[in-house]
Structure formats: C-alpha cells, structure tokens
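First up is the structure itself, then whatever we jot down about it.
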Amino acid sequence: MRRKWMRFFLFLFLAILVLSVAVWGNRLAPWDPLETDFEAKLMPPGREHWMGTDNVGRDVFSRILCGARNSFALTFLIIALVSVLGTWIGMVSGYFGGPLDTVLMRVTDILLAFPDTVFAIAVVGMLGPGLKNTVTALSFVWWTKYARMARGLAGVIRTRDYIVQARFGGAGTLKILVCYVLPNIVPQVIIMAALDVGGMMLALAGLSFLGLASQPPAPEWGYMLYEGKSYMQTAPWIMIFAGLAIFVTVVVFNLLGDSLRDILDPKE
Amino acid sequence: MIKYILRRMIQLAAVLLGVTFLTFIITWAAPSDGAEMKYVSMGMIPSPELLEQTREGMGLNDPVLVQYVRWLGAAVTGDLGESVKFGDPVLTQLAKKLPMTLKLAGAAMAVVIFVSLPLGILTAVRKNTWADYIVRFFSFFGVSVPNFWLGLLLMYVFAVRLGWFRVVSGGTPGGMVLPAAALAVPMVSGFVRQIRAAFLEELSSNYVVGARARGIPERTIILCHVLPNAVFPVITLAGLSAGQLLGGAAIIETIFSWQGIGNMVVEAIRVRDYPLIQGYVIWMAVIYVTVNLLVDVSYHFLDPQMRLGRRAD
C-alpha cells in the first residue's frame, strides 16, 4: 500500500510538472512562438533553437511549450464536460428507472454503435472544422461511458438502506441525489476521468492532426504534427518533437491514472 | 439459437435506424446545406432567391421528419445520394474504397493477433520475471503512443532514411507493411494486457490445479486446457477494437496516402461533401455493429456452456 502511494505521488509530481509547463509555457519559451523569421526557416536543432525551427522560422521548442496550454485546456474542458454531464444523466436515469431510463439506454446504444474516432471525425466534418465543433463532437462521443457507469452504480445504490432511511428522514429527491448517491459515484468517475486524460489527448491530437480541430497560427501539438508531416524529408524535427510532447504527456497521465486506480479501486 | 440471432438482428435493426436518424440530424444541423453545396461545387455563388428556389425544389424546406423519411426511403434502396466531390453515387464511391480499408484493417488485425497472443501467454506464464516486465514495459508505452506519430516515425525511418519502402504506399502488399504496423502497435499493447489478465485468471482456476496434480505437462495444460478458455476475451476484444481499427485507419490512411475509405472521408470533409460523409458514418456503424454481432453469435458456436443455455448472455 505504501508503495502504491509513493508511486502515485511520483506520477502526480510528474503530472504537475507537465501541467506547470502548460501554465507557464508562455514565459518559459525562449522565443515568441508566433514570430516568423524567414532567415532562420527549417533550421535543425542547435544551440539557438533547441528543437529547430519550422517552415516559417518559428521556434519549435517555444511552440511546443506554448502549445501545451491549448492541448491541456481542451482536454480538461472536454473531460470535465463529459464526466459531469454523463454522471448526472446516468445517475438520474439509474435512480429513477422507468421509461426515462429505457429511452436513455437506447440512445447510448445508438451512440455506442459508432466507432468513436469515426464518429468524432464525421461530426466535426459535418459541423465544420474548428475548436467549438471539436469539443462538441468529442463530448458527444464520450459522455455515454460515464452515463452508463453512473447509471449502473445509481441503480444499485438506490436500493441501499441508507437511501431508504434518508427518505424516511424527509430528505427530498434532489438532496438524496446530491448528498447520498453522488458521493458514492464520484470516486469511480474520478478514476475513469483520470484514465481518460491520455486517451482524450490522443483523440484531440488525432483530430487536429487531420486539420480539423485547431485554429492556426496558435500552436497546438496535433496541428504541429500535421504541419511537420509536409516537411518530413527536410525538417523531421518538427514532427518528431511535437509527437514526443504528446507521447510523454500521455504516458505521464496514463501512469497517474493507473496508480490512482490502484489506490481507489480495491477490486484491482 | 436461431431465436437468439433473430432477436439480436431486430435489436441491430433498431440501433441502425437510430444511427441513420442521428446522422441525418447532424447533417441537417450543419451550417451549409445541399442546395448551397450544389452551387459551390459548380463554382457559383447563387443569389438568395435562386438558393431559396433550389431549396424548395430539393425539398429542403420541408419539416425535418419528412425529409428524414424521404431520405431513409431512398437509403434502403441503396441510394445515399451523390458525392459532390467525385460525382458518383455515394454507394459506388464507398464500394470502390472500402476493400482497400478492409485489407489494411485485416492485415493490422492479423498482426495484432499473431504478435499479442504469444506475448500475452508468455507474460502470464512467466509472471513477474524479466520477460514479463519487459513486455509489459513496452506494452505500456504502446498504449500511449499516438498512432499517427508512430506512422510518421515509421515512414521517416523506413521510407525516407532507409528507403526500404516508398513514401506513398500505392496499395501494394509491400506498401501495406508500414501503415499496418502503425495501426497494429498501439493495439498490440492493449491486447497483451487483456490476454495476460485472462490467462492469469484461468491459470488460478481449479481445473488447472487439478490438471497439474494429475501430472499433465505444463505445456499441454497451457495449450489444450487454458488456451481454449482464454480465447473468448480475445474474441470480444477483437470485435470491440474493430472500431478503433476503422477510426485509426482514417488517420493512418491520410499519412500513407492509402486510397481507402478513411482517406476519402478526410478529402470529403475538406470540400464539405455531406452525402459522402453521411454514407461513410453509416457504413462504419453498420460494419462495427455487425462485427460485434458476429462476435456474440460466435460465442454460441464456440462455447459449449452457452450452447447448452447454461450461461446467461
């Protein structure tokens, strides 16, 4: 158990490290991430530009530092959105049961029939590329997972004695949901959300890699990869470092999610 | 058995009906519509009156439900409209591109199974030895690696630097190696974990202890007793990852210019070819759901307990 906590704190520390890069990336960056310099375009990594420069002479290292903020902000925004929304929808549905529950489950059945990347690509494709539509698309795809889990848990919890007693004690439905049902669902939601950070980041990067998500010239990792792809022959460092940034971040958050599950979930 | 399949087919039909409805609604909510696209594809900017007239003519001013029923009626007869970009009927276009994607996805799946099954068994049997640690270490990183980055790296190393493959795959078997690998590697990791877990669970069950007590060689136990039981989670996983495969293919195909359905849809998105995007989503959903139905049905053939109706589904 102590080793589990040690591991957890180690990964938490790493995650905070990555996060602080995202928060203070703008100040740490040695160059302006948007400043173009055609004299210095496609320069290989060197003393001046640690990770080289891209096709218009922007410093890749600075762009990665500043891009972190965009990637993180979006990832956390979507995770927060889907976990809160999904949990509430699922909880209400599982707690009340009946026709509402049936309808909801059929809706999730339909949504689960779409492979998630395919669906996200298609939704963004139809609504039009852009940040807002990317958030919409990914939220649309991911909330069902949380709803299903919350529904399952709420369905079990509602038959528990303490819920019956709370009702005898005169607690209203909203109070029961918020004070007695929700707290018993939240730990599972947190585990799921923590494990999803990495996956969400990949999904997001995948969409912006296809040129669907971000708005240039603002730096964003997936989009940097997309740009770097065209210069692979002459300037491979653009795509190597942008991908490395995604990879390292996803590794850290997957490790954190795993260790959090080890601590919170006695089943594993 | 037949009753079960029938019931599942009816469920499937209901889900697919929902799928078409949802897809239709999203297209309907899209910022530009068929009438506008028609003129844009001809390179014209229509006047508002003309646009309105065309909308009326195309029935785009009718209530959504009426439009949906009309569209669905055409869709069941195989008419999903015409692709704006390619000019073909959507179905023809899909049928042309789909085999390439299936080929790629099939190759990737084969790689996944052939690599992850031995590795999964190895890690379970040699639990907590260096072999286990090494495989788990790599499989952990495999889960976290973005497949498009892996695709680019593979391309850079093996096509650009070493020149073993061509940068543009061109649909040849040789050109399939890199995209299939890029698709397979992240999935292998997930499979190894699952197979390892399934094997460990089986290995700790009573029949294995019994077999060991009877002096049956370990290899026979693993291959003849445990493997057939542990294969079920693998089948389920294979079905579920069909979705991952189809989605991943969309991204990987654009990297390697593989002329499959994923590459096509990204092109379609660039020019807002709604009918084609619509057809793509629906077909992906159909394939995904059908694969998973087949997985469930295969249980009934493969698992004697299920065949006898002892295990509830």
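Labels below follow one simple rule: chain letters A, B, ... track the order of the sequence lines, proteins then strands, and each chain is numbered from 1.
- Shown here for B/Gly260 and B/Glu253, the closest heavy-atom pair between the two residues is C-OE1, 3.2 Å.
- Taking the six-membered ring where the residue is Trp, A/Phe114 and A/Phe119 present parallel rings, their angle staying beneath 30° rather than reaching 60°.
- Checked for salt-bridge contact, A/Arg7 and A/Asp258 miss the test: no charged N lies under 4.0 Å from a carboxylate O.
- Between A/Gly130 and A/Thr134, the shortest heavy-atom distance links the atoms O-OG1, 2.6 Å.
- Within the 4.5 angstrom heavy-atom criterion, only side-chain atoms of B/Phe140, from C-beta onward, approach chain A.
- Checking side-chain atoms of A/Trp143 against main-chain N and O of A/Phe140 turns up a donor-acceptor pair under 3.5 Å.
- Heavy atoms of B/Val266 lying under 4.5 Å from chain A belong exclusively to its side chain.
- In this structure, the portion of A/Phe209 lying under 4.5 Å from any heavy atom of chain B is its side chain and not its backbone.
- Interface remark: B/Val286 contributes no atoms to any contact with chain A (heavy atom separation under 4.5 Å).
- Under the 3.5 Å distance criterion, with hydrogens and angles disregarded, no donor-acceptor pair is assigned to the side chains of B/Gln278 and B/Thr23.
- Contact tally against chain B (heavy-atom pairs below 4.5 Å) for A/Val123, A/Leu127, A/Leu111: the top residue is A/Leu127.
- Heavy-atom distances place both the backbone and the side chain of B/Leu246 under 4.5 Å from chain A.
- Only the side chain of B/Tyr280 comes within contact range of chain A, with heavy atoms under 4.5 Å apart.
- Defined by atom type and a distance below 3.5 Å, a donor-acceptor pair is missing between the side-chain atoms of B/Arg193 and B/Ser139.
- Only the backbone of A/Leu112 comes within contact range of chain B, with at least one heavy atom under 4.5 Å from a heavy atom of that chain.
- Considering only heavy-atom pairs separated by less than 4.5 Å from chain A, the leading option among B/Ala242, B/Ala250, B/Gly243 is B/Gly243.
- Residue contact with chain B, scored on non-hydrogen atoms closer than 4.5 Å, involves the side chain of A/Tyr226 exclusively.
- Most heavy-atom pairs under 4.5 Å with chain B, from the set A/Ala242, A/Ala113, A/Gly199, A/Ala122: that is A/Ala113.
- A donor-acceptor pair is defined here as one N or O able to donate and one able to accept, closer than 3.5 Å; no such pair exists between the side chain of B/Trp258 and the backbone of B/Ile252.
- Ranking A/Leu255, A/Val248, A/Val124, A/Asp109 against chain B, the residue ahead of the rest is A/Leu255, based on heavy-atom pairs under 4.5 Å.
- In this structure, chain A has a heavy atom under 4.5 Å from the side chain of B/Tyr288, while its backbone stays farther away.
- Here A/Thr117 is the residue among A/Thr117, A/Val107, A/Asp116 with the most heavy-atom pairs under 4.5 Å with chain B.
- Heavy atoms only, all atoms of each residue included: A/Arg151 and A/Asp101 are closest at NE-OD1, 2.7 Å.
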